Amino acid sequence: YRFYRCNNFNINGDSRVMSKARELGTYTGKILQTVQMETDSLTSSNSTTYVNTSVTLNITPSSTANKILGIATTAVGTGSDIVALTRVYNSTSTTVVSDVNRYTPQSSALIVSHGSHTFVDSPSSTDAQTYVVQIASDRSAVSYFNSRGGGSIASHSSIVLMEVAG
């Protein structure tokens, strides 16, 4: 609920006021659509430059005023004692929408480190927006997405995108 005040009179929840707000297009915050995907597909990188993973998803906003709320979960491992990095990138607008998460898995521990990214993007467009999780290493050594080391120890990563009325 939103609180609307007029001369110290609380009109929160008054159905006539809320109906008029929707009619005038001032009703914001409603989730208009949701899309999601999950994958266990392996991506590896031995670069300090970000590369795309298989976690990629499109959403098409219905208005330029609307925002995109996103939540991405990630699973990362390394082949040596390096720092792996992930971020979420809008490849349509070429902007980073969720900055770096750092993972420092121990190479001998045989574990996958899990993390998440939560972001709000304002694409100001009704064109399809493509969001992708990217991975890199802090130096030239292999980092793995959805795996501990490219072997049989696998995990899942996902992304959920929601269009929010602006």
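Both backbone and side-chain heavy atoms feed into the values below; hydrogens, waters and symmetry mates do not. Predicted model only: the values in this text are computed from it and were never measured.
Asn90 places no side-chain N or O within 3.5 Å of a backbone atom of Tyr131 that could act as its donor or acceptor partner. Judged purely by atom type and a 3.5 angstrom limit, Gln33 has no side-chain atom pairing as donor or acceptor with the backbone of Ile31. Put simply, the side chain of Glu163 gets close to the backbone of Ser62: a donor and an acceptor are under 3.5 Å apart. Remark: side-chain polar atoms of Thr92 are paired, donor with acceptor, to backbone N or O of Thr130 under 3.5 angstrom.
Considering CZ of Phe145 and CG of Asn52, their distance stands at 10.5 Å, rounded to 0.5 Å. In this structure, NZ on Lys30 lies 15.5 Å from CE on Met162, to the nearest 0.5 angstrom. A distance of 9.5 Å separates OG1 of Thr56 from CD of Gln134, quoted to the nearest 0.5 Å. Taking CD1 of Ile71 as the start and OG of Ser116 as the end, the distance is 8.5 Å to the nearest 0.5 Å. To the nearest 0.5 angstrom, Asn66 atom CG is 10.0 Å from Ser124 atom OG. In this structure, the separation between OH on Tyr50 and CD1 on Ile135 is 9.5 Å, given to the nearest 0.5 Å.
Looking only at atom types and distance, the side chain of Ser45 has no donor-acceptor partner in the side chain of Ser143 under 3.5 Å away. Side chain to side chain, His117 and Thr86 meet the donor-acceptor criterion of an N or O pair below 3.5 Å. Thr53 and Thr43 share no side-chain donor-acceptor pair at under 3.5 Å.
Under a hydrophobic clustering in which Ile, Leu, Val, Met, Phe, Trp and Tyr are joined whenever their side-chain heavy atoms come within less than 4.5 Å, directly or via other members, Ile68 and Val55 fall into the same cluster. Ile59 is connected to Ile159 through a chain of hydrophobic side-chain contacts under 4.5 Å among Ile, Leu, Val, Met, Phe, Trp and Tyr, so both are in one cluster. Leu161 and Val97 end up in the same hydrophobic cluster when Ile, Leu, Val, Met, Phe, Trp and Tyr side chains are linked at under 4.5 Å. Both Val133 and Leu57 are part of a single hydrophobic cluster, where members link through side-chain heavy atoms under 4.5 Å apart. Hydrophobic clustering (side-chain heavy atoms under 4.5 Å, transitive across Ile, Leu, Val, Met, Phe, Trp, Tyr) keeps Met37 apart from Val132.
Contact check for Leu85 versus Val83: side-chain heavy atoms found under the 4.5 Å cut-off. The shortest side-chain heavy-atom distance between Phe119 and Asp99 does not fall under the 4.5 Å cut-off.
Listed here is the closest heavy atom pair of Ala84 and Val76: CB-CG1, 3.3 Å. Nearest heavy atoms, Pro123 versus Pro61: CG-CG, 4.1 Å. Between Val96 and Arg87, the shortest heavy-atom contact is CG2-NH1, 3.5 Å. Closest heavy-atom contact between Gln36 and Glu38: OE1-N, 4.4 Å. In terms of heavy atoms, Ala72 sits closest to Val88 at CB-CG2, 4.2 Å. Of all heavy-atom pairs between Leu69 and Thr118, the closest is CD1-CG2, 4.4 Å.
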Verdict with supporting geometry, Asn58 and Val35, side chain to side chain contact (heavy atoms under 4.5 Å, CB included)
CA-CA 8 Å; Asn58 301 317; Val35 293; over 6 Å; no
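Each of Asn146, Asp40, Thr39 was evaluated against Ser157; a single residue qualifies, Asn146, per the side-chain hydrogen bond (donor to acceptor under 3.5 Å, both in side chains) test.
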